[in-house]
Asks: 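Here you go, one structure.
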2 protein chains.
Amino acid sequence: MVSKGAVTKQAILREGVETAYRVGLGGLTIGVLATACGLSKSGLYAHFSSKTALQLAVLDRARADYAETVLIPALATPRGEPRVRAVFERWIRLGLERQAGGCLFVKASVELDEQPGPVRDQLVRDHRDLDEAIAQIFRTGISEGQFRSDADPDQFAVDLMGTMLAFYHYHRLLDDGAAEARARRSFEHLLDAVRA
Amino acid sequence: MVSKGAVTKQAILREGVETAYRVGLGGLTIGVLATACGLSKSGLYAHFSSKTALQLAVLDRARADYAETVLIPALATPRGEPRVRAVFERWIRLGLERQAGGCLFVKASVELDEQPGPVRDQLVRDHRDLDEAIAQIFRTGISEGQFRSDADPDQFAVDLMGTMLAFYHYHRLLDDGAAEARARRSFEHLLDAVRA
DNA sequence: CGCCGGGGCGACCGATCGTGCTATTTTGAA
DNA sequence: TTCAAAATAGCACGATCGGTCGCCCCGGCG
């Protein structure tokens, strides 16, 4: 049996992710989030022991969303290039649909990169995990013989991240309709350079 | 003769850029900035008609810093690849020294990409200008015959931006010592692909 | 029936926000 | 030296921030 409180908490987190996606984790305000959920300020606050805990919970939810939407389905595709492509495709789609998840991490990372604290620490961990996951997916492509054996998985992860960062940047800030096409070209270019 | 007010205003802007570089443009607080400048809140406020005006002024100062540190010196180097390299080198150095300027634009862009208003509008203009400037610098390399005539200057600008975004990301958030080396490899890779 | 506990509300706290208004000090030219 | 103008301080305002408190409402259990 799911308690009523847990249901409310999930609704708060869902709304929290979407709000933070617009105003950032720091801009996430308890009062605004509460009215957005149809709750009173104290009613919402009772679910979390502090604002920091709320931020961490929102971040955790966003991470779970990203894994569920991008990484896990990608791991169900064949190893090597198809899997790398699956990650890219789903990642791009996440950005196009202006959904949260990937976006929130970029936002929070830039927001907190100079502000120490538990939220930043968690962000660093999550980012390292994602980096390692991409490098690992790339490595399977090497062991399958699809990618050059002297290719650097970490370099590929950084380059892919750069492509995605640029995509989000041009798509969201500049509303550049060509952003997706350019990101695809960059991605193909990356693949061309590492194929065996 | 420079009036005293102008001197103070410049000091405020200098401090404002450095503060915004840490906490973002939205996190820039008049009270905190005032005490950081050794002024009273109203004393500082008198120099600007509103907080938005202050943010715009800070942004303008950052843009001037970036142009002075990166673009203008680069334009003094020979056209083509050396000029592109000069931009890259100075840009990287800006990030390594953790100075403001280029960094502030990334931060503000991500912060405000979903929050309409005059500050965001200015950011979009500045970003488009920078994009166009890079593409133009690249074009001189084409007309000099150093780069392939079928290379896409806009694509190069996006790719370079992606490389720099990834560099800032890994360097500042993850404090990754290899960030610079990876950025350099990405850059060389970009150049290899467009050279005639 | 009474009781009990989780879930939520409303009022409230001290601090700080951006922003005006009015003094007061400082400055630079006459 | 005098004096207007420029620069800055003091103060107060309404709003909002994160956070705390006591109270109420309602469902399940004895």
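Just so it is clear, the model here is predicted, and its values are computed rather than measured. By convention in this document, chain letters (A, B, ...) are assigned in the order of the sequence lines, proteins followed by strands, and residues within each chain are numbered from 1.
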Asks: Among residues at least two apart in sequence or on other chains, which ones pass salt bridge (Lys or Arg N to Asp or Glu O under 4.0 Å) with B:E81?
Replies: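 Only B:R85, B:R195 meet the salt bridge (Lys or Arg N to Asp or Glu O under 4.0 Å) criterion with B:E81.
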Asks: Provide a list of protein-nucleic acid N or O atom pairs under 3.5 angstrom, restricted to nucleotides 23-30 of chain D.
Replies:
none

Asks: Which residues pass the salt bridge (Lys or Arg N to Asp or Glu O under 4.0 Å) test with A:R22, sequence neighbours left out?
Replies: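 By the salt bridge (Lys or Arg N to Asp or Glu O under 4.0 Å) rule, A:R22 matches no residue at all.
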Asks: Enumerate the protein-to-nucleotides 4-8 of chain C contacts in which both atoms are nitrogen or oxygen and the separation is below 3.5 Å.
Replies:
{"unit_1": "C:dG7", "atom_1": "OP1", "unit_2": "A:G5", "atom_2": "N", "d": "3.2"}
{"unit_1": "C:dG8", "atom_1": "OP1", "unit_2": "A:T8", "atom_2": "OG1", "d": "2.9"}
{"unit_1": "C:dG8", "atom_1": "OP2", "unit_2": "A:H47", "atom_2": "NE2", "d": "2.7"}

Asks: Among residues at least two apart in sequence or on other chains, which ones pass salt bridge (Lys or Arg N to Asp or Glu O under 4.0 Å) with B:D154?
Replies: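 For B:D154, no residue satisfies salt bridge (Lys or Arg N to Asp or Glu O under 4.0 Å) once neighbours in sequence are set aside.
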Asks: If the condition is salt bridge (Lys or Arg N to Asp or Glu O under 4.0 Å), which residues does B:D129 pass it with, not counting sequence neighbours?
Replies: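 So B:D129 forms no salt bridge (Lys or Arg N to Asp or Glu O under 4.0 Å) with any residue.
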Asks: Suppose we screen for ring pair (Phe, Tyr, Trp, His ring centres under 6.0 Å). Which residues come up paired with A:F187, at least two apart in sequence or across chains?
Replies: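 So A:F187 forms a ring pair (Phe, Tyr, Trp, His ring centres under 6.0 Å) with A:F88.
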Asks: Under the side-chain contact (heavy atoms from CB on, under 4.5 Å) rule, collect the residues that match up with B:K51, sequence neighbours excluded.
Replies: B:I30, B:Q55
Asks: Identify each atom pair where a protein N or O and an N or O of nucleotides 16-18 of chain D are less than 3.5 Å apart, giving names and distance.
Replies:
{"unit_1": "D:dC17", "atom_1": "OP1", "unit_2": "A:T29", "atom_2": "OG1", "d": "3.4"}
{"unit_1": "D:dG18", "atom_1": "OP1", "unit_2": "A:K51", "atom_2": "NZ", "d": "2.8"}
{"unit_1": "D:dG18", "atom_1": "OP2", "unit_2": "A:I30", "atom_2": "N", "d": "3.2"}
{"unit_1": "D:dG18", "atom_1": "N7", "unit_2": "A:K41", "atom_2": "NZ", "d": "3.2"}
{"unit_1": "D:dG18", "atom_1": "O6", "unit_2": "A:K41", "atom_2": "NZ", "d": "3.2"}

Asks: Suppose we screen for ring pair (Phe, Tyr, Trp, His ring centres under 6.0 Å). Which residues come up paired with A:H171, at least two apart in sequence or across chains?
Replies: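 A:H171 satisfies ring pair (Phe, Tyr, Trp, His ring centres under 6.0 Å) with A:F167 only.
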Asks: Just by distance, no angles: are the side chains of A:S186 and B:Q155 close enough, under 3.5 Å, to form a donor-acceptor pair?
Replies: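 The criterion, which ignores hydrogens and geometry beyond distance, is satisfied for B:Q155 and A:S186.
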Asks: Looking at residues at least two apart in the chain, or sitting in another chain, which of them share a side-chain contact (heavy atoms from CB on, under 4.5 Å) with A:P78?
Replies: A:P82
Asks: For B:L54 and C:dG18, give me the distance from atom CG to atom P, rounded to whole Å.
Replies: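 Spelled out: CG on B:L54 to P on C:dG18 is 9 Å.
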Asks: In chain order, what residues pass the side-chain contact (heavy atoms from CB on, under 4.5 Å) check against B:A6, with sequence neighbours excluded?
Replies: B:V2, B:S3
Asks: For B:L33 and C:dT19, what is the distance between atoms CG and P respectively, to the nearest whole Å?
Replies: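 Whole-Å distance recorded here is 14 Å.
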